[in-house]
Number of protein chains: 2
Amino acid sequence: MTTDLGDDPLALDRQVCFALAVAARSVIGLYRPLLEPMGLTHPQYLVMLALWEGEPRSVKDLSSTLQLESATLSPLLKRLEAADYITRRRSIDDERLLVVELTDAGRALRAEAEKIPYAVVERLALPVSDLEDLHTSLSRVIRAAATPATTAAAPATTEAAPA
Amino acid sequence: MTTDLGDDPLALDRQVCFALAVAARSVIGLYRPLLEPMGLTHPQYLVMLALWEGEPRSVKDLSSTLQLESATLSPLLKRLEAADYITRRRSIDDERLLVVELTDAGRALRAEAEKIPYAVVERLALPVSDLEDLHTSLSRVIRAAATPATTAAAPATTEAAPA
DNA sequence: CATTAATAGTTAGCACACTAATTAATCGCG
DNA sequence: CGCGATTAATTAGTGTGCTAACTATTAATG
């Protein structure tokens, strides 16, 4: 029927969701002092990473790449525009699309940003293999969470099995 | 000197921080429909987990247990009080402390909540060993991030080594 | 070709999560 | 005892991140 999760399934220190929340906040917190001099928050930094990989990009594109709702990106992009790192304009081909491009200042920022990954890895002082393992585990969970729920009542424990 | 992070250190799909952010949002998103009938958000659920493990607890105590600022907990606890799941009163011994306790409704909610971990694990449809691996990796990173920064300029790559 | 569907963004409203500033209570030490 | 330093919460302000409702544009269909 159901997986055995031990005597106390509600034990806080066993919840993956809790560890995920704390780890995400902790690690993102390490970026704060590094990003602050560039005037970026962590989500804004992620948008810049996406743009440095390819320009121009629509909000829809950024939304699916970063797994963020366009409702979240809308005000965020306006702040990046106010900081003069990006420009926002409607596409000529399809006026539903908002085209986001880097400004010269936004492009120039990349050189500064390249130091950040090294600074974070050094700060964590963990073997890079540990970080790679974590990345692998995280990718698995992301994929699992994105997989549509099986409405079935039947299958079960850890592996789906046809009837 | 510095660790080799490959040809593009800024590649989005290699950033652990990005994977962490997406995974946290994705997994917490799975809880939303499960918690919504109980009138809880995910952070509120974590507070309830902490209280089900031991009562009463001060805000300070919850803050260090959940790794959340008391400024975040303050309004959250007021909402839990408004939902009649907890009570808030000042300690008699030390009036600086706010003592948080469960109401009968809050205690009763535990029975409902016990189904949640099973529902999430089943929904993810991942081997429990994968989740345990992830939890181990996350704990490592949390500990590493919590370790005070070595102001040193010397050490380096992945392992601290005395001179 | 007109009407309806679908798609892309924006806005509003709620709930975190952080920093900084404030308030209130307690502690430490001469 | 008294009084400055600490400690515990709260408040204010900014920035995500979500859902739901809305606007504008484009595509699809009879």
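No hydrogens, no waters, no symmetry mates; every other heavy atom, side chains included, goes into these values. The chains referred to below are lettered A, B, ... by the order of the sequence lines, with proteins before strands, and numbering in each begins at 1.
Atom CG of A:Leu30 and atom P of C:dA17 are 17 Å apart (whole Å). For the pair A:Leu98 CG and D:dT26 P, the interatomic distance rounds to 14 Å; values are reported in whole Å. Between B:Arg79 atom CZ and C:dA17 atom P there is a gap of 10 Å when expressed in whole angstrom units. Between the C1' atom of D:dG15 and the CG atom of A:Leu80 lies a distance of 12 Å, rounded to the nearest Å. Per the geometry, CD belonging to B:Glu69 stands 15 Å off C1' belonging to D:dG13, to the nearest Å. To the nearest angstrom, C1' of D:dC18 lies 10 Å from CZ of B:Arg25. Whole-Å rounding puts the A:His42 NE2 to D:dT14 C1' distance at 18 Å. Put simply, CG on B:Leu97 is 10 Å from C1' on C:dT26, counting in whole angstrom units.
Side-chain atoms of A:Lys60 lie closest to C:dA8 of the nucleotides C:dT19, D:dT10, C:dA8. Out of C:dT26, C:dG9, C:dC16, the shortest distance to the side chain of B:Asp94 is found at C:dT26. Checked against D:dT16, C:dC16, D:dA9, the side chain of B:Gln44 finds its nearest nucleotide in C:dC16. Each of C:dA20, C:dG9, C:dA15 was ranked by its minimum atom distance to the side chain of B:Thr41; first place goes to C:dA15. Among the nucleotides D:dA27, C:dT11, C:dC27, the one closest to the side chain of B:Arg96 is C:dC27.
Listed pair A:Arg88 / C:dT10 meets the phosphate criterion, a side-chain N or O lying under 4.0 Å from OP1 or OP2. In this structure, A:Gln67 does not reach the D:dG17 phosphate: none of its side-chain N or O atoms is under 4.0 Å from OP1 or OP2. Put simply, A:Arg32 has no side-chain N or O that comes within less than 4.0 Å of OP1 or OP2 on D:dT14.
With both pairing distances under 3.5 Å, D:dT26 is matched to nothing as a Watson-Crick or G-U wobble pair. In this entry C:dA5 has no Watson-Crick or G-U wobble partner, no candidate having both defining distances under 3.5 Å.
B:Leu73 comes within 4.0 angstrom of nothing in the nucleic acid, heavy atoms only. Backbone-only contact: A:Glu95 has heavy atoms under 4.0 Å from sugar-phosphate atoms and none from a base. Counting non-hydrogen atoms under 4.0 angstrom, A:Ser58 reaches the backbone sugars and phosphates but no base. In this structure, B:Thr72 reaches the bases: a heavy-atom distance under 4.0 Å links it to at least one base atom across the strands shown. When heavy atoms are screened at a 4.0 angstrom cut-off, A:Ser70 is found touching base atoms of the nucleic acid.
Sparse packing is recorded around CD of A:Glu112, with 12 or fewer heavy atoms of other residues, nucleotides or ligands lying under 6.0 Å away.
Between A:Glu101 and A:Arg89, at least one side-chain N (NZ, or NE/NH1/NH2) sits under 4.0 Å from a carboxylate O, which counts as a salt bridge. By the 4.0 Å N-to-carboxylate-O rule, B:Arg110 lies close enough to A:Asp8 to be salt-bridged with it. A salt bridge is defined here as a Lys NZ or Arg NE, NH1 or NH2 lying under 4.0 Å from an Asp or Glu carboxylate O, and B:Arg90 with B:Glu95 fails to meet this definition.
Minimum heavy-atom separation, B:Glu53 to A:Leu10: OE2-O, 4.0 Å.
A glycosidic torsion no more than 90° from 0 defines the syn conformation; C:dA15 lies beyond that range and is anti.
Annotation: of the two residues near DNA chain C, B:Leu76 and A:Leu77, the 5′-most nearest-nucleotide partner is A:Leu77.
Looking at B:Ser63, its side chain never comes within 3.5 Å of a backbone N or O of B:Glu69 through a donor-acceptor pair.
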